[in-house]
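Have a look at the structure below, then the notes.
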Amino acid sequence: MFDLLLEGAPLYFSPASVLLTVLGIIGGLVIGVLPGLGPLMGIVLLLPLAFHLEPIPAMAMLIAVYVGGSAGGSISAILLRIPGTPLAAATLFDGYPLAQKGRSQDAIGLSITASSLGGLVAGIVLIFFSPVLAEFALNFAPPEYAAMALLGLLTIAVVSEGSAIKGMLAGGLGLAVATVGTDEFTQAYRYTFGTINLTSGPNLVAVVVGLFALSELFVQIEGGNFRDRPQIQKLRISFRAFRLIVNHRWNVVRSALLGTGLGAIPGAGGDVSAFVSYAVARRLASEEEAYGEGAEGGVVATEAANNGTCGGALIPTLSLGIPGDASTAVLLGALFLLGFFPGPELFQYHADVAGGIFLAYLASNVVLIVLGIVLVPFFGTVLKVPKFWLLPLVLLLSTLGTYALQNSVFDLWVMLAFGGVGYVLRKAHYPLAPIIIGMILGPVLENNFRRALLLSRDGPMIFLERPISATILAIAAVMLVYVTITTVRPRKRS
């Protein structure tokens, strides 16, 4: 643990990394506060900029946006009864009633403090367990990597919000997009339609920006209300939450560990961990605490859990190359773009980079607790910004960022095309994250599957002859059977 941090310290503790951590937290908080955006949108918008930075400053900025955005959604939930992100949905139960009692400052302070402490607890777990998992993965050969990629695809698709079938179809679309370009083994062009622009496949950043940022833009435009300005009560800086949080120290630790554990399950998400932690905290609380009527413990439980999920989601992302949620899927893509491959290779050959990423995550949570409290009055102003000004800014950032990657107009067409695809899929209630995960894990699955067959003397039996790959495939098979049963059974009842 400490060796990794020591190796990463020279890379992280530079003016650029520290400054981008601070700016990332501010940007993440702002985009988390604004309903309908959230950490994923922030990461997507900054992904083109990260491509032009050094690896650790780039990852520090993106991780800070992830941490800040995950915490920021609670502020609009407390003040407006509108969660800025799905992660903050459970914070409504006690955050808004607490604000209605005239304790807005306490509610926001507790949410930020609990988020930061929950993130730090998750960071400790992340630092201890990621290298262990990565060391275990050193036993992996092509059959194991292929099986793990398949399991990752199934897990994300199955636990995506909504129908498991829709999640799997979305993952299949991502796999189809991943086949476009040059075949690694034969150097033949696949589905390029005679254009040189597709010989390397569609640009991942253009696809991500289109699917998430542009489609969200279309949804927001469709919703109207461009000039609405919500009424926000005046806010001021208060450090009283530092004293209040002491009374909930065990709640923080328990909720953070729950969030970390659930976050480490690919696709579980911070919203799930927040509701689970809230339910546990409420069950263990006394009647005097009045959960659901403005209990401090309710705010603490949900916020410690959803930011603990951030650290948990990074565990499979960094150690196995399987993203824990949609945001870490984009972070995984960023690592690929920067030239690093998560898994054993990252810890074995780039320990300084792994240590720098760990420090970036820990530092982000430390910066969060300071800036989150100091900037509270500013958040009230941000919430008053109408969509009339916000949406053109999102479009400008999306367009400039995508074009600047390769100075390519074709990338803008890709962004626009996938923006339309994302909008249609949103309207049909299809999850978008499996598409990106399919694009990332698709080549891993295909290339390692083909390598395994080249190494095998018994054809596909190599996947069953090796204990680890056989176990992984058995888990995948159980998951498929479970999905099939749960999907078919409601139809029989109807």
Side-chain angles (χ1 to χ4, degrees), residues 24 39-48 50-51 53 55-56 58-67 69-70 126 129-130 133-134 137 140 145-146 148-157 159-160 170-171 174-175 177-178 201-209 211-212 263-270 309-347 350 353-354 356-358 360-361 364 431-448:
L40 177 60
M41 177 70 80
I43 296 170
V44 168
L45 291 176
L46 290 175
L47 190 58
F51 185 71
L53 297 172
I56 293 304
M59 292 306 297
M61 175 182 67
L62 297 178
I63 288 172
V65 170
Y66 183 33
V67 170
S70 298
L126 167 70
F129 280 94
S130 291
L133 269 179
F140 285 16
Y145 279 115
M148 184 60 72
L150 176 64
L151 180 62
L153 285 165
L154 285 175
T155 304
I156 292 293
V159 299
S160 296
L175 288 174
V177 174
N203 188 294
L204 178 64
V205 175
V207 174
V208 169
V209 173
L211 276 177
F212 292 100
I265 301 171
T309 303
C310 296
L314 285 170
I315 294 174
T317 304
L318 295 177
S319 57
L320 300 175
I322 297 176
D325 59 13
S327 296
T328 51
V330 181
L331 289 176
L332 181 64
L335 267 177
F336 278 120
L337 289 172
L338 294 168
F340 298 96
F341 298 92
E345 183 179 320
L346 180 66
F347 291 90
H350 304 287
V353 173
I357 292 172
F358 288 157
Y361 180 76
S364 295
L432 300 180
I435 300 175
I436 300 303
I437 293 159
M439 285 187 65
I440 293 171
L441 294 183
V444 177
L445 173 60
E446 179 189 6
N447 295 337
N448 282 287

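Reckoned from all heavy atoms, side chains included, excluding hydrogens, waters and symmetry mates. Predicted, not measured: the structure shown is a model, and the values here were computed from it. Nothing fancy with the numbering, it's 1 onward along the sequence.
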Heavy atoms of L441 and A149 approach each other most closely as CD1-O, 3.9 Å
Any side-chain heavy-atom pair of L211 and V44 under 4.5 Å
no
Rounding to 0.5 Å, atoms CD1 (I43) and CE (M41) come to a distance of 11.5 Å
Please assess L335 against L318 for the test side chain to side chain contact (heavy atoms under 4.5 Å, CB included), listing each intermediate value before the final yes or no.
CA-CA 10 Å; L335 267 177; L318 295 177; 3.9 Å; yes
Rounded to the nearest 0.5 Å, what separation is found between the CE atom of M59 and the CG atom of L331?
5.0 Å
Looking at every non-hydrogen atom in both residues, tell me the closest pair between A58 and L338 and how far apart they are.
CB-CD1, 4.0 Å
Search all heavy atoms of M61 against all heavy atoms of L46 and return the closest pair with its distance.
CE-O, 3.9 Å
From CZ (F340) to CD1 (I357), nearest 0.5 Å:
8.0 Å
Starting at OG of S364, measure out to CG of L62 and round the result to the nearest 0.5 Å.
10.0 Å
At what distance, to the nearest 0.5 angstrom, does OH of Y145 lie from CG of N447?
13.5 Å
Here the pair of heavy atoms bringing I315 nearest to S130 is CA-OG, 3.7 Å
Can you name the closest pair of heavy atoms from P443 and A178 and give their distance?
CD-CB, 3.9 Å
Could you measure the distance from the OG1 atom of T317 to the CG atom of L346? Nearest 0.5 Å is fine.
11.5 Å
Any donor-acceptor N/O pair, Y361 side chain to G311 backbone, under 3.5 Å:
yes
F336 atom CZ: more than 12 heavy-atom contacts under 6.0 Å
yes
Heavy-atom closest contact (L175 atom, G442 atom, distance):
CD2-CA, 3.4 Å
